[in-house]
Amino acid sequence: MKEYKEIQVALLGLGTVGLGVYKVLQMQKEEMQHKIGTEIKIKKILVRNLEKAAGKIEDASVLTNNWQEIVNDDKIQIVIEVMGGMEPARTYIMEAMQAGKQVVTANKDLIAADGKELMDQAKKSGCDLLFEAAVAGAIPIIRPLKQCLAGNHLSEIMGIVNGTTNFILTKMAQDGMEFEEALALATELGYAEADPTADIEGLDAGRKVAIMASIAFNSRVTFDDVYTEGITKITASDIRYAKEIGSVIKLLGVARNTPEGIEVRVHPMLIPERHPLASVNDSFNAVFVHGDAVDDAMFYGRGAGELPTASAVVGDIFDIARNLQYECCGRISCTCYKQLPIKAMDDICSKYFLRMLVENEPGVLAAVTAVFGDRKVSIEQIIQKKKIGELAEIVVITEKVKERHVKDSLKAFEEMTAVKKVSSVIRVYGE
Ligand SMILES: NC(=O)C1=CN([C@@H]2O[C@H](COP(=O)(O)OP(=O)(O)OC[C@H]3O[C@@H](n4cnc5c(N)ncnc54)[C@H](OP(=O)(O)O)[C@@H]3O)[C@@H](O)[C@H]2O)C=CC1
Ligand SMILES: N[C@@H](CC=O)C(=O)O
Ligand code: NA
């Protein structure tokens with residue numbers, strides 16, 4: 001065992017998460033010696049603008065805008081990447097590992113796209129590359145999937161894995177807030193990505209689902225494999241109709257290991273109010289995991305924000321500090337040893353909610369029903385909601401059907417003069 005009076009680390013980035021890590025390490029100052037047998041000392045913080053960063057911390061002498069000062073400093077043993085984005089984060093992480101440093105990152109964009117190359121380099125360098133904060137923020141999920149649940153064949157992961165969109169949907173449903181106002185608030189609270197398009201279009205959740213699926217199913221799933229649909233088309237009317245049928249709308253990430261291949265998708269879903277995910281609100285996230293031994297397990301906590309995300313990052317730093325002392329870094333490497341196919345989205349099965357504007361004439365409902373019937377789409381419910389001039393708004397809820405049959409039906413409606421508009425198509429949870 002090696003004894004270290006202190007372990008020197010460098011932070012790359014001093015934004016929401018970087019400042020959170022700085023604060024949590026200060027909050028742990030008295031205790032870390034007892035917990036991990038050494039102290040963590042931030043030796044350098046890489047920033048772009050020295051002046052802007054100086055006002056954020058007590059000792060501005062640790063700030064630098066020169067990466068070489070970090071990568072060439074042999075005393076720095078852990079690099080903590082919390083800048084975000086693909087480059088230069090990727091290069092810095094690679095160079096840090098090539099220089100024999102351990103790495104912690106919160107960067108899902110990078111792990112979801114280039115996880116294989118990064119893990120390969122970690123193995124080659126005998127380094128730890130830990131990324132607990134990259135998925136579902138504070139919630140421990142990477143470590144459970146890789147370690148605690150390793151004695152399972154995991155078949156399903158499903159959950160709410162984006163804090164920003166969950167916050168927006170909660171504010172729209174519970175406080176009647178407008179989409180834009182709720183997004184601005186989420187940004188102010190430090191939940192949103194630097195470009196919030198990644199949150200609201202489902203890309204951020206897609207990256208997290210790709211990372212979880214790769215680990216859970218031992219087969220590499222990249223972000224490009226994930227079907228993503230965000231919440232920008234969800235309207236106040238959809239939320240109201242959902243409420244009327246005892247449901248809420250949530251942005252869900254789903255990954256299933258099926259005999260036809262891996263199903264990976266992110267999209268809004270109507271879920272019954274009694275389902276545990278329905279009460280996951282604000283910036284909270286929750287992940288369900290199903291395995292052959294564990295049965296069902298659920299993980300819940302804050303999915304975004306300064307201190308919650310830093311909680312996960314600091315957990316990784318502490319883990320590495322222990323590994324450094326016991327000289328066992330790089331203990332757990334890439335676990336993707338299979339090459340499973342990805343299931344086409346057209347082949348997934350779901351129930352669907354469709355809101356349509358049709359001519360208010362006798363026979364139109366029958367014609368709509370016939371289009372569905374001819375394309376193997378069984379209807380569970382069809383309700384005429386209201387009249388809008390000469391038109392009627394109808395809501396259709398289908399049985400569980402194949403996505404391709406719903407798409408075929410939508411194509412047919414485009415050709416039907418009696419159908420003026422299909423305003424919403426939202427998948428519905430359940431059998
Ligand atoms: N916010 C959250 O709740 C969570 C975030 N994450 C992830 O953590 C990472 C950081 O997110 P967050 O803190 O919210 O983002 P921020 O935009 O708040 O912070 C990023 C910081 O990195 C700095 N930075 C960017 N590029 C460089 C560079 N080339 N050199 C030096 N500094 C640089 C930025 O500087 P400048 O101020 O000049 O732009 C900024 O201060 C991302 O990967 C994100 O996806 C993960 C989980 C939760
Ligand atoms: N923007 C992300 C931050 C955490 O990953 C989110 O809102 O969940
Ligand atoms: Na996490």
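Every number for a ligand or one of its atoms is a count from 1 in the order of the listing.
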In terms of atom number and element, which parts of ligand 1 are under 4.0 angstrom from non-hydrogen atoms of [X]?
X      : value
Gly84  : 42 (C), 43 (O)
Val47  : 31 (C), 32 (N)
Gly15  : 13 (O), 18 (O), 19 (O), 21 (C), 41 (O)
Ala304 : 3 (O)
Ala133 : 46 (C), 47 (C)

- Message: Assess the residue pair Glu273 and Val248 against the criterion (side-chain contact (heavy atoms from CB on, under 4.5 Å)); give the C-alpha distance rounded to whole Å, side-chain angles, the decisive distance to 0.1 Å, and a yes or no.
- Response: CA-CA 6 Å; Glu273 277 163 358; Val248 294; 4.1 Å; yes
- Message: At under 4.0 Å between heavy atoms, is it the side chain or the backbone of Leu14 that contacts ligand 1, or both, or neither?
- Response: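 Under 4.0 Å from ligand 1, Leu14 contributes backbone atoms alone.
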- Query: Relative to ligand 1, is Asp204 under 4.0 angstrom through side chain, backbone, both or neither, heavy atoms considered?
  - Reply: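 Neither part.
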With a 4.0 Å cut-off, would you call [X] and [Y] a salt bridge?
X      : Y      : value
Glu193 : Lys108 : yes
Asp316 : Arg143 : yes
Asp73  : Lys44  : no
Asp120 : Lys124 : no
Glu403 : Arg427 : yes
Asp347 : Arg404 : yes

For [X] and [Y], which I'm curious about, is there any donor-acceptor pair between the side chains at under 3.5 Å?
X      : Y      : result
Thr91  : Glu95  : no
Ser61  : Asp59  : yes
Asn281 : Lys171 : no

- Message: I'd like to check whether Glu193 has a polar contact with ligand 1, where a contact means an N/O of the residue lying under 3.5 Å from an N/O of the ligand.
- Response: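 It does: an N or O of Glu193 is found under 3.5 Å from an N or O of ligand 1.
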- Query: Can you check whether Asn49 has an N/O within less than 3.5 Å of an N/O in ligand 1?
  - Reply: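 There is no such contact.
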Between the side chain of [X] and the main-chain N/O of [Y], is any donor-acceptor distance below 3.5 Å?
X      : Y      : result
Asn162 : Thr165 : yes
Asp195 : Thr197 : yes
Ser247 : Lys243 : no

- Query: With a 4.5 Å limit on heavy-atom distance, are the side chains of Leu14 and Leu63 in contact?
  - Reply: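 Yes, their side chains come closer than 4.5 Å.
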- Beyond-backbone contact of Leu277 with Met158, side-chain heavy atoms, under 4.5 angstrom: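 Yes; the side chains approach each other to less than 4.5 Å.
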For [atom], what is the closest protein heavy atom, and at what distance to 0.1 Å?
atom                    : result
atom 8 (O) of ligand 1  : Ala106 CB, 3.5 Å
atom 23 (C) of ligand 1 : Gly13 CA, 4.1 Å
atom 2 (C) of ligand 1  : Gly190 O, 3.7 Å
atom 39 (O) of ligand 1 : Arg48 NH2, 2.8 Å
atom 28 (C) of ligand 1 : Met83 SD, 3.5 Å
atom 7 (O) of ligand 2  : Thr164 OG1, 2.6 Å
atom 8 (O) of ligand 2  : Gly163 N, 2.7 Å
atom 29 (N) of ligand 1 : Pro88 CG, 3.5 Å
atom 37 (O) of ligand 1 : Lys52 NZ, 2.7 Å
atom 3 (O) of ligand 1  : Gly305 N, 2.7 Å

- Examine Arg265 relative to Tyr227 and say whether NZ or CZ is less than 6.0 Å from the centre of the six-membered ring and inside a 45° cone about the ring axis.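 Judged by the rule, Arg265 and Tyr227 form no cation-pi pair.
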- Query: the Na ion (ligand 3): which protein N, O or S atoms are under 3.0 Å away?
  - Reply: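 Those protein N, O or S atoms (cut-off: under 3.0 Å from the Na ion (ligand 3)) are Glu132 O, Glu132 OE2, Val135 O, Gly137 O, Ile139 O.
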Ligand-residue contact atoms, ligand 2 with [X], heavy atoms, under 4.0 Å:
X      : answer
Asp199 : 1 (N), 2 (C), 6 (C), 7 (O)
Gly303 : 4 (C), 5 (O), 8 (O)
Lys208 : 2 (C), 4 (C), 5 (O), 6 (C), 8 (O)
Glu193 : 1 (N), 2 (C), 3 (C)
Tyr191 : 1 (N), 2 (C), 3 (C), 6 (C), 7 (O)

- Looking at ligand 2, does Gly137 have a heavy atom less than 4.0 Å from it?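 No, that is not the case, since the closest heavy atom of the residue is not under 4.0 Å from the ligand.
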- Item | Part of Asp204 with heavy atoms under 4.0 Å of ligand 2, whether side chain, backbone, both or neither |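 Side chain only; the backbone of Asp204 stays clear of ligand 2.
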- Query: Relative to ligand 2, is Asn162 under 4.0 angstrom through side chain, backbone, both or neither, heavy atoms considered?
  - Reply: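 Both backbone and side chain of Asn162 come within 4.0 Å of ligand 2.
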- Counting only heavy atoms on the protein side, is anything nearer than 4.0 Å to atom 15 (O) of ligand 1?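 Within 4.0 Å: no protein heavy atom nearby.
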- Message: Quick check for you: to the nearest 0.5 Å, what is the distance between Asn107 atom CG and Met86 atom CE?
- Response: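 Between atom CG of Asn107 and atom CE of Met86 there are 7.5 Å.
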- Task: Working to the nearest 0.5 Å, report the span between CD of Glu380 and NZ of Lys400.
- Result: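 If we round to the nearest 0.5 Å, Glu380:CD and Lys400:NZ are 12.0 Å apart.
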- Return the option from Thr309, Asp195, Val17, Val313 holding the heavy atom at the smallest distance from atom 13 (O) of ligand 1.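 The nearest heavy atom belongs to Val17.
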- Testing Val221, Ile262, Thr222 for side-chain contact (heavy atoms from CB on, under 4.5 Å) with Ser214, which one passes?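 Of the listed residues Val221, Ile262, Thr222, the side-chain contact (heavy atoms from CB on, under 4.5 Å) partner of Ser214 is Val221.
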- Just jot down the side-chain hydrogen bond (donor to acceptor under 3.5 Å, both in side chains) partners of Tyr92, sequence neighbours excluded, or say none.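 Counting only residues at least two positions away or on another chain, Tyr92 forms no side-chain hydrogen bond (donor to acceptor under 3.5 Å, both in side chains).
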- Message: So, applying ring-ring contact (aromatic ring centres under 6.0 Å, His included) with Phe167, which one of Phe179, Tyr191, Phe284 is it?
- Response: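 For Phe167, the ring-ring contact (aromatic ring centres under 6.0 Å, His included) check succeeds only for Tyr191.
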- Does at least one non-hydrogen atom of Glu306 fall below 4.0 angstrom from an atom of ligand 1?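 So Glu306 does not count as touching ligand 1.
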- Polar contact flag for Lys108 and ligand 2 (N/O pairs, less than 3.5 Å):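 In this structure, Lys108 places an N or O atom under 3.5 Å from an N or O of ligand 2.
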